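The structure under discussion appears below in the form of structure tokens.
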Amino acid sequence: MIIFKRITNIQKWLQTARSGKAAVGFVPTMGALHEGHLSLLQQSKKQADISIVSIFINPAQFDNKADLEKYPSTVAKDIKLLEENGCDILFLPSESEIYPDEKSKRKHYDLGNLETVLEGKFRPGHFQGVCLVVERLLTIITPDVLFLGRKDFQQCLVIKRLISLMKYETDVIICPIAREQSGLAMSSRNQRLNEDEREIAAELFKALKEIKENRDHSQFSILKKNAIKKLELKGFKIDYLELAKEKDLQTVSELIPGQKLVILIAAFLQNVRLIDNIILSEY
Ligand code: AMP
């Protein structure tokens with residue numbers, strides 16, 4: 001695996017590598033890698049000739065300074081994992097490489113409804129920050145295929161919209177959510193939970209599954225109320241638990257026959273914010 005920290009160096013390398021018409025797959029991450037990230041890399045290895053992973057903790061997407069400060073960083077371990085998993089290139093830029101000046105941080109993207117619902121509502125400015133870094137990374141790497149995790153459902157829609165706004169030709173592949181045996185969606189933030197808390201954190205997915213399993217027997221509004229009550233008793237503080245249309249995340253209050261819907265949740269356990277989702281059409 002080759003590690004590049006400078007834009008000029010990775011671009012020079014890519015120019016030569018590309019002359020053979022190799023397809024480039026790209027997996028952007030914030031590091032503290034786990035099986036979820038590695039499953040994206042595996043998918044890239046299957047579909048592309050060259051697989052690039054980036055690690056960059058993007059300050060622009062943190063609406064909360066304390067969250068940024070507490071975000072785990074395990075670069076040495078990440079490098080080892082990427083090497084063991086056959087990653088070709090690691091792009092590990094510094095903040096000044098990504099944001100060389102103030103002007104590079106002053107952009108605005110028209111994200112429509114995606115900016116104001118769910119994550120957008122609870123983390124103002126978050127998706128603008130995501131777009132800022134993703135646009136920058138896509139401009140540097142110009143991948144043929146971008147691999148994203150469905151764990152961040154809304155982020156996938158935001159990035160697809162960014163790609164269409166920018167008229168990029170990158171294909172987007174959405175990969176399934178990698179979970180612990182308990183059902184807990186893997187996340188770098190899970191590292192901040194102790195063993196007992198991790199066990200409790202798995203209740204989040206159990207609640208989503210329970211709603212899905214009972215959706216034909218009860219109204220969503222009732223299932224939602226019961227789930228929130230149960231989760232709060234276990235110590236969660238719920239930001240939202242919503243039913244929404246898969247295509248644009250417009251929230252709906254009840255199931256709509258024939259519509260593809262997804263249930264999304266965000267909740268704090270202690271001071272760790274967890275998100276998860278479940279697609280209703282999928283068993
Ligand atoms: P992050 O490092 O959290 O910014 O995530 C980098 C990429 O990995 C994003 O596309 C995430 O959606 C994806 N990802 C994170 N956790 C998981 C997971 N449990 N399963 C699948 N993909 C994931």
Side-chain angles (χ1 to χ4, degrees), residues 25-48 51-64 67-68 70-75 77-79 81-82 85 87 90-93 98 114 118-119 123 126-138 141 143 145-163 170-193 198 201-202 204-205 208 249 262 264-266 272-279 282:
F26 177 43
V27 181
T29 83
M30 297 207 295
L33 301 181
H34 50 68
E35 289 294 327
H37 298 113
L38 297 176
S39 70
L40 270 53
L41 170 61
Q42 292 316 330
Q43 200 54 45
S44 171
K45 282 172 65 68
K46 272 191 210 152
Q47 287 186 236
S51 292
I52 304 180
V53 172
S54 67
I55 297 180
F56 178 66
I57 302 179
N58 174 33
Q61 72 185 68
F62 284 83
D63 47 311
N64 176 330
D67 191 27
L68 170 62
K70 279 183 278 173
Y71 201 85
S73 172
T74 57
V75 178
K77 192 170 151 238
D78 293 351
I79 291 175
L81 272 177
L82 291 173
N85 283 274
C87 177
L90 167 60
F91 183 45
L92 192 61
I98 295 294
L114 290 173
L118 307 167
E119 289 299 283
R123 301 186 69 189
H126 168 64
F127 287 129
Q128 291 295 330
V130 168
C131 286
L132 204 58
V133 76
V134 174
E135 186 199 349
R136 192 85 178 99
L137 291 169
L138 291 180
I141 293 169
V145 197
L146 178 67
F147 296 88
L148 303 173
R150 209 195 70 210
K151 150 113 190 313
D152 298 275
F153 196 100
Q154 192 167 0
Q155 176 170 278
C156 293
L157 294 189
V158 164
I159 294 176
K160 278 185 172 176
R161 186 170 172 120
L162 170 74
I163 288 175
T170 310
D171 286 334
V172 178
I173 304 288
I174 311 289
C175 302
I177 305 177
R179 298 184 178 281
E180 306 281 355
Q181 272 208 325
S182 63
L184 172 63
M186 289 185 183
S187 164
S188 306
R189 287 192 162 87
N190 294 351
Q191 293 190 12
R192 290 175 43 211
L193 300 171
R198 274 188 185 222
L204 223 50
F205 182 56
L208 293 181
L249 289 185
V262 54
L264 306 105
I265 191 164
V272 182
R273 190 169 184 278
L274 303 167
I275 59 170
D276 203 348
N277 65 79
I278 196 164
I279 290 177
E282 180 193 81

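Please read these numbers as outputs of a predicted model, since none were measured by experiment. Start at 1 with the first residue, then count along the sequence. Atoms within a ligand are numbered from 1 in the order they appear, just like the ligands themselves.
- Nearest protein heavy-atom contact of atom 20 (N) of ligand 1 is A178 N, 2.8 Å.
- Close approach of ligand 1 to D152 is summarised as follows: ligand atoms under 4.0 Å from at least one heavy atom of the residue are 11 (C), 12 (O).
- By the criterion of a heavy-atom distance under 4.0 Å, the backbone of P28, and not its side chain, is placed next to ligand 1.
- Contact check for D276 versus I177: side-chain heavy atoms found under the 4.5 Å cut-off.
- Between the side chain of T170 and the main chain of L146, no donor-acceptor pair closer than 3.5 Å is present.
- Short contacts between ligand 1 and L40, defined as distances under 4.0 Å to a heavy atom of the residue, involve ligand atoms 7 (C), 8 (O), 10 (O), 13 (C), 22 (N).
- Using a 4.0 Å cut-off to heavy atoms of M186, the atoms of ligand 1 that qualify are 16 (N), 17 (C), 18 (C), 19 (N).
- Remark: I159 CD1 to L148 CG distance equals 4.5 Å, nearest 0.5 Å.
- Ligand 1 has no N or O atom lying under 3.5 Å from any N or O atom of I177, backbone or side chain.
- Close contacts between ligand 1 and M30 involve ligand atoms 1 (P), 2 (O), 4 (O) [criterion: under 4.0 Å to a heavy atom].
- Without hydrogens or angle criteria, R189 side chain to V272 main chain gives no donor-acceptor distance under 3.5 Å.
- Residue H37 holds the heavy atom nearest to atom 1 (P) of ligand 1 of all those in H37, H34, K151.
- Side-chain contact between L33 and T74 is absent, with no heavy atoms from C-beta onward closer than 4.5 Å.
- Checked by atom type and distance alone, the side chain of N277 never pairs as donor or acceptor with a backbone atom of V262 at under 3.5 Å.
- The backbone of P176, and not its side chain, has at least one atom closer than 4.0 Å to an atom of ligand 1 (non-hydrogen atoms only; backbone = N, CA, C, O).
- R273 contributes no side-chain N or O that, together with a main-chain N or O of A266, makes up a donor-acceptor pair within less than 3.5 Å.
- For atom 10 (O) of ligand 1, the closest heavy atom belonging to the protein is G149 N, 3.0 Å.
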